[in-house]
Amino acid sequence: MDKEKVVLEANNISRTYTGKVPVPALKQCSMSFKKGEFVSIIGKSGSGKSTLLRVLAGLDVPDTGEVMINGEKIAEMGDTKLAKFRRNHIGFIYQDYNLFNEYTAYENIILPIHLDGRKEEPEKIMGIMEELGIEHCRDKFPEEMSGGEQQRVSIARALAIEPAVIFADEPTGNLDAESAENVAELLREASDIHQQTIIMVTHDSQMADYADWIMHIKDGAILSK
Amino acid sequence: MQLLRISRKRRRKQIYRITIMAFLISVFVCASILYHSQMSAYQRQADYKNYGKWFLCSEKGGIAPSHPYLEQAGDAISGIGIYDEQEETGYYAGWLSKDVCDMGNIVMYEGRMPEKPDEIAMELSVLERLGYSYELGQKITLTYGKYYDVAKRRAKHKSQEYSNHTYTLVGTIQNYTARWSCGGYMPNAILNEAGIGDLDCEYKTYTFQSLKPEYKNIDANEFYNALLEKYSSESSGDIIMFYNSFVYEHEIWGSKEVGRNILYVIVIMGSCAMVYLIASYQKKRRGFYYRLRCIGASKWQIHKMAVYEMLITVLPAGILGIILSYAVCMGIIVIIASTHAYEYFFAFHFVEFAEILCAVFGTFAISISISQCFLKSNHVYEGQISIGQKTKRRIAKDSQKNRHIGIRMLVKRKNMLHPFQNTCIKIVGISVCVISFCCMAQITHEYSIYQIERADYYDVSLEAPREQKDIEYISTNSSDFKCSVGIEFKTMKSCISEKTKKSIEQLPEVADVFYTTIDNSHNISWEGKEKSPYRGWYQRTYMDDMPEDKREEYETYQLYCTTYYHDAGKVWADFKEQITWEGADYEKFLNGEQILLCLSFGDDSDPQAIIASENGLQPGKSIKISTKNGDVEAEIAGIVYSNKILAGLQYGWWNSFCYLGSEALGQKVAEQDGISWGYNEAGITLKQNTDKQAVAKQLSVMAVRDSLIFDTDFEMLENTYHKLVQTGVLYGSLSLMLIIVFMLIRGYMLKDLYQSERKSYMRLHHMGLSGKSICRMAVWRGIKEGMFYLWSVPAALCILAYGLWRENTDNIIMTVSYRLGLLIPYTTKANYVAYEILDKVSIGLWGSVILLLIICLGTLHLLFARKCYQSYKEEIDG
């Protein structure tokens, strides 16, 4: 595989939240991410990090500019195609894990595969769980697990679909220092071993250090890469 | 879908709750429609029992209508006039076929129908009129007239020929003729068919027809009018044809239109509750769908999943609800039919079933569609649950207007945050409020009729016979013209004996006896009597040609009357509102020093002006009752005009100047006259759950023994009482059902609401708000919600009245009447129908419904707020 290949590219993307007073969240941002890269986006609260992540992941639509993943323009895809594309190419890890309380850890992990109409390979899923050290949580419900375990289940869910890009929105925000480090290391491994592009939003500079490079964002504009 | 099923399994509690609520709502909608139609069927059965199952009664020999909808039901013979000596009684003798007896549900109190020509069964009323007791086996001598048709008889220049025939009384029957619409033509004394042949007289034969079972729900009035029109054109003479309008015109809610509108309101209420339920459930599930969206689910997948989940949740509940409603309805009807001896009256109507399916599943479909709009909202896909723009604008406006931030404001803002839910709740609440009000209006209307009848009539009345006198005089207009005027009057001389009085009081079934002495044999005088405008008019009109000495005698009997009451306290209390004079004193009234004057001049124009016109008869002035040994004087304590006392009070007699006094005054008059004091009337009220006919029978024996006039009204009073109970059960249960369902739905909604607002309460608690304040806030919220419905009753009734007014365009000239406190002419049917609805807006009733809602809602809010707060506290303590 060509490590220099650009997986994700964004050109001049802007996003303004409309309301009584319009709030510009992103201003003419351009960037590209290569295969297997681990990138941290850091900035203060309200700087536009999460908006950028959502726009890049296709969860939000930019007012101007375009986002391309693996050469395909997200804006040109319909909702169903975009959803399928995200199911196959994008993994998302959230600060509050976004796990389904009524499903066990195993079921939470296989859910995206089922949404795609495929059947999971149990050995492979168990392999990922073992790799992340959560094999003992197989039949546990989210509320029966610690924060670190829940976040690892969330990572496992993102990894299970073998995505090209994994977006992580402050994945260590709710975790203690030890768990946070574990998660960061896991993401690093995913990038190194599975050649997956990791884009992580954080405001913790210590976590950001795990990345190959760091992108600073302030008031919706990219300051440095 | 497999994962969805797993998810549903794990959320069993939540799914059960929504399934139960969907089930309850479908039961409610289905049961309401069924209840409404079965209410009519139940009413019909009760009416059958009271007024007979026949549809058409027509004179046989004339044109007996034949129509494919009708079937023969039986024959009757009537028209043999019964006379009391030579006085027409208005009662008839005749014969009823067994079919008519069965179909008419003619109840025999005792004995049997006549089987031999010399046997007779009679209604209680005719026995009372002829002065017989109810005892079976006694000989009854019946005087009957030969000719039925007065016009034909007169044309032949023949006078009525009277004959007597003696029968043995073998049965007493309920006064069915007083209830049937053709009752005035039916026989009150029933003879054997052979017995009729023995009589040498004319009679009429009537034939009864009933509707074939498959046509029982047609528009009977329209059908009857069509029949009448058809046979009127074919017949040359008069048509005697009666339609059982008491049964077939009896509509629940008074009219079909009102009934239909009420049904619509109920269905809308159920639909709104369902929409709220499903929409709020979907709203709760937005987080789940958002997460799915985050891991790559498309909008289509989410919609599919949501619809599938709702369908498998509510559809079985809906189907089960419909099946159960039908089953329960059928079961209840089996119980009602067996306990009331009705035939099983449940009927399955396909159209009604289709309506139920449409209402229940249509509601589900609408609710699911609306709930999809919640999922369409960008909030789900963007993961933000924020306040909508419109709501934001409303809150901002409110914020600019109100500067004081307190608990009330918080409640207001919280309500503003849920505009959709609030709209649904309000529609449901308004529906409950309006229908409960209408139900209560029906019950109170029936209760007021019962109260009026109860006050107007006694179960049994005993009366000493009236005296009769002829005043003979030579007309002043012509010296050789002798005139004679027959007078009927009451005196203290003819009274109920002490022995009879004691016997009545000793009967354990007697609840109360109201004794009265009516006397119109004493002349009354007062200062300025000669100037009395009414007396002057009366003399000019009726005593114009009477010599002076006879005038006074005639006036005594015809113009004045004094009534003395044993229960003076009741009289004083009943007229309390009319007694405005400062000097009026109950003690003086009781001692016979004061009296009440009741004027009745037959002129309704302005009672106050009429009272004022009688200058000599004003409160504080004295009247004198002339007796053999001087006058008895009494002071007028108060004056009432008869119009004011018509509503249910049984005071006075038919004379124009009627004085109401106590027993003490009567005793003074009797003493002065040198006669012994006694009562000449007794109104007997019997205990509710007694065999009234049996007690009346004992009293009838006493009455015959003492030559007293005997009259019973217990059948009519019982009939009205049963109607009241029936109305209470029908409308009361509907209202109760609605309130219970409303409370269940509202409870479910509030549980959700307070759960969702738990965080707000936590924050408030952290800010120092006590648990008591949170509870107070909840109660205030309930009160405010209840108060909102204040406007709904008059507004909804106005809309209903307007709708009816628009629908009824027939120009029917009707009468004038007091409505809404105004004298309103009903020139059109529309006016009549519309005003009838508006007239129901009674402040007391309206207030009661709102108060009930406020109490229920306040309690519900308090319960759930406390529960929410306690669970939060337990969490903290834990």
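Heavy-atom basis, side chains included; hydrogens, waters and symmetry copies ignored. Numbers restart at 1 for each chain; the letters A, B, ... are given by sequence-line order, proteins then strands.
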Visitor: Answer with side chain, backbone, both or neither: which region of A/Ser154 has an atom nearer than 4.5 Å to a non-hydrogen atom of chain B?
Guide: neither
Visitor: So how far is it from B/Gln301 CD to A/Arg87 CZ, rounded to the nearest 0.5 Å?
Guide: 4.5 Å
Visitor: Which members of residues 90-100 of chain A, sorted by number, sit under 4.5 angstrom from chain B on a heavy-atom basis?
Guide: A/Phe92, A/Tyr94, A/Asn98, A/Leu99, A/Phe100
Visitor: How about A/Lys218: does its NZ atom have over 12 heavy atoms from other parts shown lying under 6.0 Å from it?
Guide: no
Visitor: Check the surroundings of atom CD in A/Glu130: do more than 12 heavy atoms from other residues, nucleotides or ligands lie under 6.0 Å from it?
Guide: yes
Visitor: Answer yes or no: does atom CZ of B/Arg12 have more than 12 heavy-atom neighbours from other residues, nucleotides or ligands under 6.0 Å?
Guide: no
Visitor: Not counting sequence neighbours, which residues clear side-chain hydrogen bond (donor to acceptor under 3.5 Å, both in side chains) with A/Thr16? List them please.
Guide: none
Visitor: More than 12 heavy atoms of other residues, nucleotides or ligands under 6.0 Å from NE2 of A/His203: yes or no?
Guide: no
Visitor: In chain order, what residues pass the ring-ring contact (aromatic ring centres under 6.0 Å, His included) check against A/Phe85, with sequence neighbours excluded?
Guide: A/His89
Visitor: Run the ring-ring contact (aromatic ring centres under 6.0 Å, His included) test against B/Phe364 and tell me which residues pass, sequence neighbours left out.
Guide: B/Phe361
Visitor: What heavy-atom pair brings B/Met305 and A/Leu115 nearest, and what distance separates the two atoms?
Guide: CE-CD2, 4.0 Å
